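Data block below; observations after.
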Amino acid sequence: MNRKEFLGQLEAQLSQIPPEERADAMAWYNEYFDEAGPENEAKVIAELGSPVRVAARIKADAAVRGLGEAGTEPGPRPRARKGIGVFWTVVLVILALPVALPIFLGLFSLFLGIVVTLLAVIVSLVVAVAAAFLCGLVALAGGVSALFVHVPTGVFYLGAGFVAIGVSLLLALLAILLSRALAAGVTGLFGLMRRGGKAAFRRGVNGGGAYE
Amino acid sequence: MGFQVGSALLDACVLSVLQREDAYGYVLTQTLRETLGVSESTLYPVLKRLKRDGFLTTYDQAYQGRNRRYYTITGRGMQQAEIYRRDWRVYRDNVDKLVCSGGGA
């Protein structure tokens with residue numbers, strides 16, 4: 001490490017203290033390096049030790065001074081409070097787990113049940129469409145061959161086939177519309193759950209932050 | 001050195017050195033390091049505190065194109081140095097009685 005690196009690290013470490021304090025400390029160490037001369041740079045750095053430790057000393061001094069001055073909030077307090085907030089949030093989450101976990105699992109199962117049911121409805125609709133369409137095709141084929149034997153029977157089967165195909169097409173339309181609506185509904189429900197979960201979590205953290 | 005240097009003793013030494021003549025940080029540090037074995041990072045907060053308490057002031061002087069911050073003792077500082085000297089003599093004598101009585105001197 002050279003002088004520039006040392007002073008750079010020191011300044012970074014002192015980012016939390018008031019600017020004038022920081023400038024003062026930087027001036028002191030800059031001057032010290034100047035006076036020691038470039039030939040003693042390595043020696044000075046070895047004597048000073050790590051920038052983190054030097055900074056810790058300056059910060060401790062600044063904090064003590066902050067405590068001594070009446071009416072001024074010492075610097076590190078708000079951060080400490082935030083730390084306690086996070087700590088309490090973790091404690092609350094752990095304590096809430098026995099209750100929250102079953103509720104969460106229940107909600108998840110409910111969600112899964114709804115999705116599976118809807119999928120089953122769609123699948124059964126598709127199967128019904130396919131069956132009706134197949135019936136129509138078979139009836140048409142039967143009708144065409146019956147036409148050569150007995151015309152009224154052939155016409156009957158042709159008509160029945162057309163009806164079945166028509167019904168299957170209508171059903172297919174219904175199935176498409178329904179599955180689209182269901183997909184939108186499920187996506188919406190999922191988004192709602194996620195947003196709700198996030199909001200609850202944020203409330204939890206803020207609520208925890210109010211603790212002290 | 002095996003003895004811990006407390007803040008009162010440090011203050012007393014700094015003020016006494018400055019009573020002889022004004023000094024800039026490096027010289028002050030070297031002087032005190034020779035005697036007490038303290039480092040520059042120990043001295044920096046001490047000087048800051050003494051300045052805040054009004055026992056010393058600083059002035060800047062250019063030297064070879066850079067800045068030297070000189071420390072100079074105030075009237076209050078001199079009074080305080082006198083108090084420290086008195087306290088020190090008492091303390092030193094008491095410690096002498098304890099520490100040196102075992103040796104046979």
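Model, not experiment: these values are computed from the prediction. So that the names make sense, note that chain A is the first sequence line, chain B the second, and so on, each numbered from 1.
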Could you tell me whether [X] atom [atom1] has more than 12 heavy atoms of other residues or ligands within 6.0 Å of it?
X         : atom1 : answer
Arg92(B)  : CZ    : yes
Phe111(A) : CZ    : yes
Arg53(A)  : CZ    : no
Glu20(A)  : CD    : yes
Tyr84(B)  : OH    : yes

- request: Please answer whether the main-chain N or O of Gly25(B) pairs with a side-chain N or O of Glu35(A) as donor and acceptor at a distance below 3.5 Å.
  value: no
query: Is a side-chain donor or acceptor of Tyr44(B) paired with a backbone partner of Ala25(A) at a separation under 3.5 angstrom?
result: yes
field: Sub-4.5 Å side-chain heavy-atom contact between Thr29(B) and Trp28(A)
entry: yes
message: To the nearest 0.5 Å, what is the distance between CD on Gln30(B) and OH on Tyr32(A)?
response: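 Rounded to the nearest 0.5 Å, the CD-OH separation comes to 4.0 Å.
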- prompt: Nearest 0.5 Å, what's the OH-CG distance between Tyr26(B) and Asn40(A)?
  reply: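 With rounding to 0.5 Å, OH (Tyr26(B)) is 5.5 Å from CG (Asn40(A)).
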- request: Output yes when Arg69(B) and Asp24(A) qualify as a salt bridge under the 4.0 Å nitrogen-oxygen rule, no when they do not.
  value: yes
field: N-O pairing of Glu47(A) and Arg33(B) below 4.0 Å
entry: yes
task: Go through Val27(B), Leu47(B), Thr42(B) and name the one with the most non-hydrogen pairs under 4.5 angstrom from chain A.
output: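 The residue among Val27(B), Leu47(B), Thr42(B) with the greatest pair count is Thr42(B).
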- prompt: Between Glu31(A) and Asn67(B), what is the shortest heavy-atom contact and its length?
  reply: CG-O, 3.6 Å
- request: Using non-hydrogen atoms and a 4.5 Å limit, figure out which bit of Arg49(B) sits close to chain A: side chain, backbone, both or neither.
  value: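 Looking at Arg49(B), nothing touches chain A.
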field: Heavy-atom contact with chain B under 4.5 Å, split by part of Ala27(A)
entry: neither
